[in-house]
Amino acid sequence: EESVFPELPALQLNGKLDFSQVERQYPKYSPDGTKLAFIEDRIKLKVVDLKTKKVTQVTDGSKWFRQDGGFDYEWSPDGKWFVLSYIANKRDPYTDQGIVSAEGGEIHPITQSGYMSGRPRWVMDGKAIMFESERYGMRSHASWGSQEDVFLAFLTQDAYDRYRLSPEDYALLKELEKAKPEKKDDADKKADKKSKNKKDDKKADADSVKTLKIEFEGIEDRIVRLTPNSSRLGDAIVSKDGESLYYFAAFEGAPDLWKMDLRKHETKLLSKGGSGVLQMDKDGNLYSLGSSMKKIEKGDKMTTIAYDAQMK
């Protein structure tokens, strides 16, 4: 851990590019906005505390060998972990997916398949990690490209078991959970109301709920294939409740936007042609961002977001 955050390198000196200094690229803020992650020298993942300016090395570069750019990584919802693409067992260029503490240390593998995988993403409020892999698709030969599928790796056995429930069993489980009495008794509720630090207590409780639980043992047995068939995939995202998968896939010509009901295993076409990045806001609203910006409304209606921008 370095005690002082080094100055960002100047890209130009006397009108000439200077490539002798350290490169810091692909920055991403932590969920609470207090830290900034970045890739240094194209192979190392580091984090800087924006208040103290201290820099923590998360990975040392020994699991990434390419010099043509960075690698995929993403903060966990609680800001304590990263999911990232890395090269296991020196099998470059085949990438696996893993989880590492934001404080650094061992990379815990999710995939060890020997096939290409990428685009890792925390979904379902951190209960699972979504990624794409070519393990079931047609293989790449002479750089022609491969077909891919979307997968989910569940971080706990409970999340995995809930996903595997039939629609009928899942509906019964939700009814049972609604019917359960609150754990707090009346005395606790009254004490909470009289507490002078009620707001602080609520914040602490909220933070504790958001802390992720990860069961690394057996995680390779909790990986499921979501897409019904392999294809040339674009971006993909799982809805906040974990019930639907949205993804761009090309079967004939340009990519199309598809939706799959993960409980009923039913797939339907939402939009013909076009591709882009699928994003979710903090309220769970979904957006398709590309040459045009669209919001995916309830009922799967696509609403175009109009904007006017000028370049100076």
Side-chain angles (χ1 to χ4, degrees), residues 66 71-74 83-89 91-99 109-124 127-155 159-160 163-164 166-167 218-239 242-280 286 288-290 296 300 302:
R66 306 176 196 173
F71 48 86
D72 296 333
Y73 76 93
E74 188 175 86
V83 61
L84 78 167
S85 298
Y86 74 107
I87 298 171
N89 303 315
R91 294 185 301 214
D92 188 31
Y94 300 98
T95 53
D96 280 296
Q97 310 306 305
I99 301 172
I110 299 173
T111 64
Q112 301 184 78
S113 67
Y115 296 110
M116 294 290 290
S117 61
R119 296 184 178 178
R121 193 174 213 164
W122 300 87
V123 295
M124 299 166 60
K127 296 183 179 67
I129 288 172
M130 186 196 74
F131 63 94
E132 298 179 10
S133 174
E134 65 173 12
R135 67 172 73 179
Y136 294 128
M138 289 194 294
R139 301 290 173 263
S140 173
H141 293 287
S143 300
W144 283 103
S146 299
Q147 291 183 332
E148 299 172 306
D149 287 279
V150 181
F151 292 81
L152 274 186
F154 291 91
L155 302 185
Y160 177 63
Y163 169 81
R164 298 184 64 199
S166 66
I219 193 171
E220 68 277 5
D221 298 322
R222 301 193 299 270
I223 297 176
V224 297
R225 178 189 185 186
L226 300 186
T227 42
N229 51 280
S230 304
S231 63
R232 289 187 290 119
L233 278 178
D235 203 10
I237 195 169
V238 174
S239 60
E243 294 297 303
S244 301
L245 169 70
Y246 296 83
Y247 63 102
F248 286 105
F251 298 99
E252 299 176 356
D256 303 317
L257 179 59
W258 298 80
K259 177 188 177 182
M260 181 179 182
D261 186 312
L262 298 179
R263 191 70 58 184
K264 299 178 180 178
H265 302 287
E266 298 174 351
T267 305
K268 67 178 182 179
L269 178 65
L270 292 187
S271 176
K272 285 286 292 182
S275 63
V277 177
L278 295 171
Q279 291 290 343
M280 180 189 300
L286 294 173
S288 173
L289 309 177
I296 305 175
D300 300 322
M302 306 287 290

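The shown structure was predicted, so the numbers you read here are calculated from the model rather than taken from an experiment.
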If you define the side chain from C-beta out and look only at heavy atoms, does anything of Leu262 sit under 4.5 Å from Glu243? no

Are the side chains of Tyr160 and Val224 in contact, using a 4.5 Å heavy-atom criterion? yes

Among residues at least two apart in sequence or on other chains, which ones pass ring pair (Phe, Tyr, Trp, His ring centres under 6.0 Å) with Tyr136? Phe151

Side-chain touch Leu257/Met302, heavy atoms, less than 4.5 angstrom: yes

If the condition is side chain to side chain contact (heavy atoms under 4.5 Å, CB included), which residues does Glu220 pass it with, not counting sequence neighbours? none

Quick one: does Phe251's side chain get under 4.5 Å of Asn229's, heavy atoms only? yes

Rounding to 0.5 Å, atoms CD1 (Ile129) and CD1 (Ile110) come to a distance of 3.5 Å

Could you pull out all donor-acceptor pairs under 3.5 Å where a side-chain atom in residues 111-120 meets a protein atom, sequence neighbours excluded?
residue : atom : partner : partner atom : Å
Thr111  : OG1  : Asp96   : OD1          : 2.8
Thr111  : OG1  : Gln97   : N            : 2.9
Ser113  : OG   : Tyr115  : N            : 3.2
Ser117  : OG   : Thr95   : O            : 2.8
Ser117  : OG   : Gln97   : NE2          : 3.0
Arg119  : NH1  : Gly234  : O            : 2.4

Nearest 0.5 Å please: distance from the CE atom of Met138 over to the CZ atom of Arg232. 9.5 Å

Evaluate Tyr246 against Asp300 for side chain to side chain donor-acceptor pair (under 3.5 Å), listing each step before the verdict. CA-CA 10 Å; Tyr246 296 83; Asp300 300 322; 3.2 Å; yes

Between Tyr163 and Arg263, which heavy-atom pair has the shortest distance, and what is it? O-NH1, 3.1 Å

Is the count of non-hydrogen atoms from other residues, nucleotides or ligands lying under 6.0 Å from Arg225 atom CZ greater than 12? yes

What one should report as the nearest heavy-atom pair of Arg121 and Asp235 is NH1-OD1, 3.5 Å

Is Arg66 reaching over with its side chain to a backbone N or O of Asp92, donor-acceptor style, under 3.5 angstrom? no

Mark yes or no for whether Asp261, through its side chain, and Ser244, through its backbone, hold a donor-acceptor pair below 3.5 Å. no

Could you check if a side-chain atom of Asn89 sits within less than 4.5 angstrom of a side-chain atom of Tyr94, using non-hydrogen atoms only? no

Note: Ile223 and Phe131 closest approach over all heavy atoms is CG2-CZ, 4.0 Å

Does the side chain of Leu245 reach to within under 4.5 Å of the side chain of Lys259, using non-hydrogen atoms? no

Could you give the distance from CD (Gln279) to CD1 (Ile296), rounded to the nearest 0.5 Å? 11.5 Å

Correct closest heavy-atom pair for Val150 and Ala236 would be CG2-CB, 3.9 Å

What distance do Gln147 atom CD and Leu233 atom CG have between them, rounded to the nearest 0.5 Å? 9.0 Å

Which heavy atom of Gly273 sits nearest a heavy atom of Ala254, and at what distance? CA-CB, 4.4 Å

Would you confirm whether Thr227, through its side chain, and Asp149, through its main-chain N or O, come within 3.5 Å as a donor-acceptor pair? no

OG-CG distance between Ser288 and Leu270, expressed to the nearest 0.5 angstrom: 10.0 Å

For a 4.5 angstrom cut-off between non-hydrogen side-chain atoms, does Leu278 reach Phe248? yes

Main-chain N/O of Thr267 paired to Trp258 side chain as donor or acceptor, under 3.5 Å: no

Which heavy-atom pair separates Pro255 from Ser275 by the least distance, and what is that distance? CG-CB, 4.0 Å

Side-chain contact, heavy-atom cut-off 4.5 Å: Met124 with Leu155? no

